[in-house]
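Accompanying notes for the structure given below.
First the proteins, then the strands, lettered A, B, ... as listed; each starts at 1.
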Protein chains: 2
Amino acid sequence: MTKNSKMILDIVNSSHDHPTADQIFIRAKEQNSKVVLATVYNNLNSLVKEGKIRRIAVSGKPDCYDNTFRHDHTVCVKCGALSDIMIDDITEEIKSKLGDSFVSYDLNVSYICDECREK
Amino acid sequence: MTKNSKMILDIVNSSHDHPTADQIFIRAKEQNSKVVLATVYNNLNSLVKEGKIRRIAVSGKPDCYDNTFRHDHTVCVKCGALSDIMIDDITEEIKSKLGDSFVSYDLNVSYICDECREK
DNA sequence: ATCATAAGTTAGAATTATTCTAATTTCAAA
DNA sequence: TTTGAAATTAGAATAATTCTAACTTATGAT
């Protein structure tokens with residue numbers, strides 16, 4: 001692990017708001033890092049490949065990054081806000097259908113968040 | 001429903017390979033439609049909003065579109081191939097946590113497909 | 001220690017999916 | 001028919017991400 005990849009991993013793990021590559025880049029600079037955006041992308045790609053962080057794809061917005069602590073996500077269909085939710089683990093159910101080729105799963109729940117509901 | 005939106009809905013519903021906007025555009029032209037890519041995008045956005053089709057976000061590739069028949073998806077972590085899978089419906093479990101604000105959920109399973117496994 | 005090599009980083013250009021803008025067309029209803 | 005809203009169009013604009021090629025840093029063998 002290089003200085004940069006360690007820093008980027010730390011930022012992802014200590015952020016509780018699913019930052020994008022750009023937000024991670026900004027946070028790195030706030031810590032006086034001289035890192036460049038391309039390097040942030042490079043390292044995020046490596047970290048995802050190594051299974052040290054998760055990438056969350058949300059249509060219409062840039063990819064977000066998250067820690068690997070097992071949990072699921074909610075996305076507000078009105079404002080796009082992304083939050084955590086914990087739904088019972090269904091790994092075994094999936095494995096019983098897919099077998100050993102299983103790697104992981106992503107569960108994203110669409111809903112209407114409280115603020116948007118009030119309008 | 002206009003001619004174009006009906007045609008695009010038909011293409012999505014009759015395609016069994018999760019086409020992208022661009023692929024839908026190509027298929028429309030194969031049917032001698034004079035539709036333009038921007039119109040395909042416009043209509044896809046409307047159809048998704050109306051709940052008539054589903055949009056699938058996969059990081060690193062363009063969005064894919066699919067019918068609304070209830071099912072889940074697998075993504076090969078090596079080659080990115082997208083396929084259908086049917087995992088037991090967990091709507092009730094999610095609703096018991098989220099309540100009425102629930103809209104829908106997307107379950108994407110990462111795995112290694114047979115071809116990539118052989119290598 | 002020194003050199004060789006690989007890995008990591010950088011700047012900036014390139015790519016590409018998608019949206020935006022503004023003009024034009026379609027088409028239903030008054 | 002006139003009107004007005006909605007749909008469509010062409011093409012420019014935007015923005016996330018990757019690519020390229022040069023450069024730097026770290027590593028490991030001699």
Side-chain angles (χ1 to χ4, degrees), chain A residues 1-12 15 17-50 52-66 75 77-82 108, chain B residues 1-12 15 17-50 52-66 75 77-82 108:
Chain A
M1 293 222 85
T2 69
K3 230 178 177 188
N4 280 332
S5 74
K6 212 176 301 175
M7 172 188 62
I8 289 165
L9 176 59
D10 282 349
I11 290 174
V12 171
S15 296
D17 60 346
H18 315 97
T20 63
D22 204 60
Q23 290 172 320
I24 291 163
F25 171 60
I26 289 168
R27 286 170 206 189
K29 297 193 94 181
E30 281 167 3
Q31 304 178 19
N32 300 314
S33 166
K34 294 254 189 309
V35 80
V36 120
L37 186 55
T39 302
V40 173
Y41 274 104
N42 287 342
N43 280 289
L44 286 171
N45 284 336
S46 306
L47 289 167
V48 169
K49 252 188 213 144
E50 294 159 16
K52 295 196 177 117
I53 61 173
R54 296 162 75 177
R55 187 182 348 244
I56 312 169
V58 185
S59 166
K61 359 193 92 192
D63 287 351
C64 298
Y65 297 87
D66 202 354
V75 189
V77 294
K78 298 288 180 198
C79 69
L82 188 65
N108 297 311
Chain B
M1 294 220 84
T2 70
K3 230 179 177 188
N4 280 333
S5 75
K6 211 176 301 174
M7 172 188 62
I8 289 165
L9 177 58
D10 283 350
I11 290 174
V12 172
S15 296
D17 60 347
H18 315 97
T20 62
D22 204 60
Q23 289 172 321
I24 292 163
F25 172 60
I26 290 167
R27 286 170 206 189
K29 297 192 94 178
E30 281 167 4
Q31 305 177 14
N32 300 312
S33 167
K34 295 253 189 308
V35 81
V36 120
L37 186 55
T39 302
V40 173
Y41 273 105
N42 287 341
N43 281 289
L44 286 171
N45 284 336
S46 305
L47 289 167
V48 168
K49 251 188 215 145
E50 295 159 15
K52 295 195 176 117
I53 61 174
R54 295 162 76 176
R55 185 176 358 237
I56 312 168
V58 185
S59 166
K61 359 194 89 191
D63 287 350
C64 298
Y65 297 88
D66 202 354
V75 189
V77 294
K78 298 288 181 198
C79 69
L82 189 66
N108 297 311

Inset, instruction - Return the value, rounded to whole Å, for the distance between atom CD1 of Ile24(A) and atom P of dT17(D). - result: 10 Å
Inset, instruction - Counting heavy atoms from C-beta on, name the nucleotide in dT8(D), dT18(C), dC20(C) closest to the side chain of Ala38(B). - result: dC20(C)
Legend entry - Interatomic distance where NZ belongs to Lys34(B) and P belongs to dT25(C) [whole Å]: 16 Å
Inset, instruction - To the nearest 0.5 Å, tell me how far Met7(B) CE sits from Asn4(B) CG. - result: 4.5 Å
Legend entry - Between P of dT17(D) and CD1 of Ile56(A), the distance in whole Å: 13 Å
Inset, instruction - Find which nucleotide of DNA chain D each of Val35(B) and Gly60(B) is nearest to by heavy atoms, and output the residue with the more 5' nucleotide. - result: Val35(B)
Legend entry - Euclidean distance, Ser15(B) OG relative to Gln23(B) CD, rounded to 0.5 Å: 8.5 Å
Legend entry - Between dC27(C) (P) and Asn4(B) (CG): distance, integer Å: 10 Å
Inset, instruction - Check whether any side-chain N or O of Tyr41(A) sits under 4.0 Å from OP1 or OP2 of dT17(D), and answer yes or no. - result: yes
Legend entry - DNA chain C: 5'-proximal contact among Lys3(B) and Asn42(B) (nearest heavy atom): Asn42(B)
Legend entry - dT17(D) phosphate, OP1 or OP2, under 4.0 Å from Asn45(A) side-chain N/O: no
Inset, instruction - Find the distance between CZ (Arg27(A)) and CD1 (Ile11(A)) and round it off to the nearest 0.5 Å. - result: 8.0 Å
Inset, instruction - Let me know the distance between CZ of Arg55(A) and C1' of dT18(D), rounded to the nearest Å. - result: 12 Å
Inset, instruction - Would you kindly give the NZ-to-C1' distance between Lys29(B) and dT8(D), to the nearest whole Å? - result: 15 Å
Inset, instruction - Would you kindly give the CD-to-P distance between Gln23(B) and dT16(C), to the nearest whole Å? - result: 15 Å
Inset, instruction - Rounded to the nearest angstrom, tell me the gap between atom CG in Asn43(A) and atom P in dT17(D). - result: 15 Å
Legend entry - Minimum heavy-atom distance Arg55(A)-Ser59(B), with the two atoms named: CD-OG, 3.0 Å
Inset, instruction - Name the nucleic acid region contacted by Thr2(B), choosing base, sugar-phosphate or nothing; use a 4.0 angstrom heavy-atom cut-off, strictly under. - result: sugar-phosphate
Legend entry - Under the side chain to side chain contact (heavy atoms under 4.5 Å, CB included) test, residues paired with Val12(A) that sit two or more places apart: Ile24(A), Leu44(A), Ile53(A), Tyr65(A)
